[in-house]
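Reading through the structure tokens given below for one structure.
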Amino acid sequence: KNEVEQSPQNLTAQEGEFITINCSYSVGISALHWLQQHPGGGIVSLFMLSSGKKKHGRLIATINIQEKHSSLHITASHPRDSAVYICAVKQGAQKLVFGQGTRLTINP
Amino acid sequence: DSGVTQTPKHLITATGQRVTLRCSPRSGDLSVYWYQQSLDQGLQFLIHYYNGEERAKGNILERFSAQQFPDLHSELNLSSLELGDSALYFCASSVNEVTEAFFGQGTRLTVV
């Protein structure tokens, strides 16, 4: 069993839909990251959070430390949101452990 | 643009060869991390440097080595290359070990 599990692995939706991607982890963490990877391969850091909720534009990330679970929400989804979304947990000060990613496709 | 620069963007080389990947962190960032992303393994942590010192090692092969120089740029050296080393190699940097890390665009290595 992976230390970081994401669901779903693949998600296809229509433009405008509300999107939720889930991340569960089984280890103690100091922080959790949500990353976005576009088809060209580049990785963009979306959020780093250790408690509660953060919002940036149409993106919202939440974390429940007790339940070891985080969600990434996208409101009013758009085709340009199509990418792979990766959850990563920080163990201690140095190491990031990554989920396998969720491939999101938003159709116009 | 994250401010982290990786060169080269693409590299094609033959088995048995040695290559060097370079990373320039964001201005002011002391921490540099290297990650490997292969098709079958996903993203894996390789190694972390902080202000020139190695701080943590992950799943890094003995054929691979890295260093961080006094100007804080870092190099990842891959030797005796095998087909299975073909992957995207990412560098990330952060101010210190607890702040958010920012990723470079990656170097795509193809071993033929």
Side-chain angles (χ1 to χ4, degrees), chain A residues 1-10 21 23-25 27-52 54-56 59 61 63 65 70 72 83-103, chain B residues 1-6 8-11 23 26 29-51 53-60 66 68 86-110:
Chain A
K1 190 178 183 332
N2 292 333
E3 292 171 308
V4 182
E5 295 274 357
Q6 285 185 238
S7 62
Q9 283 189 306
N10 293 283
I21 299 170
C23 174
S24 295
Y25 53 93
V27 295
I29 68 169
S30 55
L32 183 142
H33 295 251
W34 281 102
L35 309 170
Q36 180 192 56
Q37 186 170 28
H38 277 283
I43 292 177
V44 174
S45 178
L46 299 175
F47 296 103
M48 183 178 84
L49 63 166
S50 53
S51 65
K54 285 191 176 180
K55 184 176 190 293
H56 185 239
L59 301 177
I63 188 169
I65 296 294
S70 176
L72 176 69
V84 175
Y85 291 84
I86 302 168
C87 170
V89 299
K90 194 157 196 184
Q91 292 186 283
Q94 289 92 15
K95 183 180 170 183
L96 275 181
V97 178
F98 298 87
Q100 288 299 301
T102 295
R103 184 174 299 277
Chain B
D1 183 4
S2 67
V4 180
T5 303
Q6 287 187 248
K9 286 190 170 50
H10 302 274
L11 193 48
C23 171
R26 294 187 320 156
D29 285 359
L30 299 178
S31 269
V32 170
Y33 306 82
W34 285 98
Y35 300 95
Q36 179 194 55
Q37 186 179 37
S38 57
L39 277 175
D40 56 344
Q41 293 285 325
L43 271 161
Q44 304 258 324
F45 167 69
L46 293 178
I47 198 163
H48 169 220
Y49 279 85
Y50 178 79
N51 202 21
E53 290 188 9
E54 182 187 301
R55 294 302 292 255
K57 267 187 175 179
N59 301 322
I60 187 166
Q68 186 180 27
S86 296
L88 264 170
Y89 291 84
F90 287 99
C91 162
S93 76
S94 61
V95 172
N96 56 45
E97 294 165 327
V98 297
T99 53
E100 186 172 2
F102 294 86
F103 285 75
Q105 288 297 300
T107 293
R108 186 175 297 276
L109 173 67
T110 303

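So that the names make sense, note that chain A is the first sequence line, chain B the second, and so on, each numbered from 1.
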task: Tell me, for B:A92 versus chain A, whether the close heavy atoms (under 4.5 Å) come from the side chain, the backbone, both or neither.
output: neither
- request: Sort B:L88 into side chain, backbone, both or neither according to what part of it lies under 4.5 angstrom from a heavy atom of chain A.
  value: side chain
statement: Smallest heavy-atom separation, B:F103 atom then A:I43 atom, equals CB-O, 3.5 Å
- prompt: What are the two closest heavy atoms between B:Q37 and A:I86, and how far apart are they?
  reply: NE2-CD1, 4.5 Å
message: Minimum heavy-atom separation for B:F45 and A:L96, please, with both atom names.
response: CB-O, 3.8 Å
query: When heavy-atom pairs shorter than 4.5 Å are enumerated against chain A, which of B:Y50, B:F102, B:F90 gives the highest number?
result: B:F90
statement: Contacts of B:E100 meeting side-chain hydrogen bond (donor to acceptor under 3.5 Å, both in side chains) (sequence neighbours excluded), chain-then-number -> A:S45
query: Who are the side chain to side chain contact (heavy atoms under 4.5 Å, CB included) partners of A:K55, not counting sequence neighbours?
result: A:I60
message: With rounding to the nearest 0.5 angstrom, report the CE to OG distance, A:M48 to B:S94.
response: 8.5 Å
field: Contact origin within B:S31 toward chain A - heavy atom pairs under 4.5 Å
entry: neither
task: Please check if atom CD in A:Q9 has more than 12 non-hydrogen atoms from other residues, nucleotides or ligands closer than 6.0 Å.
output: no
